[in-house]
Each structure stands twice: as structure tokens, then as C-alpha cells.
Protein chains: 2
Amino acid sequence: MSSENLTIRRAEKTDIPSILKLIKELAEYEKLLHEVVTTEKHLEEIIFGDKKFVEVLIAEINGEIAGQTIFFHNFSTFVGRPGLYIEDLYVRPQYRGKGIGKALLNEVIKLAKERNCGRVEWVVLDWNKPAIDFYKSIGAKPLDEWTIFRLTEDKF
Amino acid sequence: MSSENLTIRRAEKTDIPSILKLIKELAEYEKLLHEVVTTEKHLEEIIFGDKKFVEVLIAEINGEIAGQTIFFHNFSTFVGRPGLYIEDLYVRPQYRGKGIGKALLNEVIKLAKERNCGRVEWVVLDWNKPAIDFYKSIGAKPLDEWTIFRLTEDKF
């Protein structure tokens, strides 16, 4: 299977079951499957509904879904312009090592450039060394001095 | 000066010079003033323009601007619903210790609840112990196992 058969396209409504399936596959890899409570309805609202603000790109190899990336605009007060924040970047195990992750990331970076964004950002689990090495290789910097805080709705 | 005179309101266009001033004050406290390249024009676009997606709340004590918070919607594929991401939460030095930061944060949490969000998130510099202690006291959890990666536009 050569990478010549790789296509990257925008998600359509009919992709929603597959998008959810791949969200769950990624969560399983991250050992966080128990945290996934999203539904097809939620995804449809946020990707295709009136208040949509989340975008999805899908990678296909010979017409088979090989991976996806899910992203949205964020904002830095320092830069003053929007950025893109990548929530998910996932390649299915059987399709790894073919440059699909890099191709998906490059598409997001291309969009960031077209939209005059200042940054592309994402988070990675500290033990995910293959991902960290890949991100460093493209010139991304870890923000080691920052910690994310999260307040979940049970504490609202 | 009692906290009875505290009011929290949505920012208006005329607040933009003050919003930028407080962004710079916060950056100075974070020792990151050199990173601030935003302008009043950028802020106006993102807070009040056609593609606005950033919100600002302003805290006033006796009509004087005491602090502000800047936030926007983010999204978790696991939760499937939008969250709120707080980009800035800032109280000017002369107004600290009066519960203004907590009042601003509570307003954002209230909005998150009204909008059926799953989470409120933000980042903090590791050396900012007063902030970290405050965040833990309200039940927020540090996501110590995640690292943020950033690709800046010079690498696009």
C-alpha cells in the first residue's frame, strides 16, 4: 500500500458514526476510554449544527478511513489573532508509519496559514514518546512551564 | 473599599484600550511582555467583529477597572459538548485580595453552567503558586500528565 492512495477530505454528516468510532479508538490508546461520554448527536451539533465551531479532516487510504483530526479556533491575547487548537490527531494502528499523521497535521498547518493564524497548539500525554518525538521533529515546542487546570461540571 | 462596590459586566467596544492595557499588565506579571504583539484592531475583530468568538468580562470597583477575564469556547471529543477556556484572568495589583479574581471566575463558571458546558479550563505558569493554590481550593485539578505543544507561525 503506497502513500499515493492517501486522500484527505473534510468530514461530512455521514461520517459521524466513524468519527465517534475513531474518537473511542484514540481514547482507548490513551487509556481514557472511560472518559468518553460524547454521542453522535453531540458531534453533529458541534460539527454541522447552527453553532458549529469544530472541524474534522479525514484521511483515507484506498477509500478506507485511516485516521482523522479534530480541531477548532483558539485565541491568544498575546498574539491577538486566532490560532488553531488540535483536539484529536489519530491514525489507526494498521495505517501507522505511512506519514498519515504528518499529512493530517500538515493540512491543519496549511489552514492555519491561509487563515492568518499565529499558532497551532495541541496537548500530548507525557508517556507518548513517539508522538512527542514527532512533534519536536517538525519544530513544535513543549510548553513545559505551563500546567492545564480543569474544573469539571460536578464542581460548577 | 468594600466588595459591595464590585460590579462585573460585559466589555463594550470603548473598553478595548483598557483591555489591551490589562493584557499587557498580565504579560508583565508573567514576565512575557515581549510576547505581546496584539493590537486594538485585532482585539476589536475577535471580540466584536463578524467572526467574533472571544468574550470579555470586566470587574469594576467604584467604577474603576480592577480586572478582567478573557475566554472562548473550546471542545472536548471525550465530553462531546463545548467547554469554556479562560485565556486571561487578571486582577490589577492594587485590587488584589478582595475576591475579585474569584468573582470573575465564578461568572465564567456560571456561564458554563447556563450553556451546558462540560468543563472550564485554563493554564497557569508553574511558579505562580498563589494562583495554583486558589485554583485547587475551588476544586480544579491540574492535568500534570499532559504537555502543551505549540507550533508558531515561523514554522508553518
Query raised in the report: Between B:Arg115 and B:Glu55, is there a salt bridge with N-O shorter than 4.0 Å?
Result: yes
Query raised in the report: Sub-3.5 Å donor-acceptor pair from the side chain of A:Asp133 to the main-chain atoms of A:Pro130, do we have one?
Result: no
Report summary line: Pair count under 4.5 Å, heavy atoms only, with chain A: among B:Leu43, B:Thr152, B:Ile132, B:Asp154, highest is B:Ile132
Query raised in the report: Any donor and acceptor pair, going by atom type alone, linking the side chain of A:His73 with main-chain N or O of A:Leu84 inside 3.5 Å?
Result: no
Report summary line: Greatest number of non-hydrogen atom pairs under 4.5 angstrom with chain A, of B:Ala140, B:Cys117, B:Gly139, falls to B:Ala140
Requested in this report: Counting only heavy atoms closer than 4.5 Å, note whether A:Tyr85 contacts chain B via side chain, backbone, both or neither.
Outcome: neither
Requested in this report: Tell me, out of A:Asn128, A:Asp126, A:Ile86, who's got the most heavy-atom pairs with chain B below 4.5 Å.
Outcome: A:Asp126
Query raised in the report: Heavy-atom distance under 4.5 Å to chain A: side chain of B:Ile148, backbone, both or neither?
Result: both
Query raised in the report: chain A heavy atoms under 4.5 Å from B:Leu125: which part of the residue, side chain, backbone, both or neither?
Result: both
Query raised in the report: Between B:Phe72 and chain A, which part of the residue has a heavy atom less than 4.5 Å away: side chain, backbone, both or neither?
Result: side chain
Query raised in the report: Looking at B:Ile109, B:Asn106, B:Val124, which has the largest count of heavy-atom pairs under 4.5 Å with chain A?
Result: B:Val124
Query raised in the report: Can you check whether A:Asp88's main-chain N or O pairs, donor with acceptor, with A:Thr69's side chain at less than 3.5 Å?
Result: yes
Requested in this report: Tell me, yes or no, whether the heavy-atom count around B:Glu64 atom CD, taken from other residues, nucleotides or ligands under 6.0 Å, exceeds 12.
Outcome: no
**Report entry** Sorted by number, residues from residues 26-41 of chain B in contact with chain A (heavy atoms, under 4.5 Å)
**Finding:** B:Ala27, B:Glu30, B:Leu32, B:Glu35, B:Val36, B:Val37, B:Thr38
Query raised in the report: Between the side chain of B:Glu44 and the main-chain N/O of B:Lys13, is any donor-acceptor distance below 3.5 Å?
Result: no
Query raised in the report: For A:Phe75, is it the side chain, the backbone, both or neither that has a heavy atom under 4.5 Å from a heavy atom of chain B?
Result: both
Report summary line: Okay, B:Asp144 and chain A: the region with an atom under 4.5 Å from a heavy atom over there is both
Query raised in the report: Under 6.0 Å between the ring centres of A:Phe71 and A:Trp122?
Result: no
Query raised in the report: More than 12 non-hydrogen atoms from neighbouring residues, nucleotides or ligands closer than 6.0 Å to CG on A:Asp50, yes or no?
Result: no
Requested in this report: Return yes if some donor-acceptor pair links the side-chain N/O of B:Arg81 with the main-chain N/O of B:Asn116 below 3.5 Å, else return no.
Outcome: yes
Query raised in the report: Pick from A:Lys141, A:Lys155, A:Glu153, A:Arg150: which one has the most heavy-atom pairs with chain B under 4.5 Å?
Result: A:Arg150
Query raised in the report: Has the side chain of A:Arg96 got a donor or acceptor atom that lies under 3.5 Å from a matching backbone atom of A:Val91?
Result: yes
Requested in this report: Using a cut-off of under 4.5 Å on heavy-atom pairs, state which of A:Ile19, A:Val79, A:Leu151, A:Leu20 scores highest against chain B.
Outcome: A:Leu151
Query raised in the report: Relative to chain B, which of A:Trp146, A:Phe156, A:Trp127 shows the most heavy atom pairs under 4.5 Å?
Result: A:Trp146
Report task. Just give me the residue among B:His42, B:Glu121, B:Lys51, B:Arg119 that pairs up with chain A most often, heavy atom to heavy atom, under 4.5 Å. Result -> B:Arg119
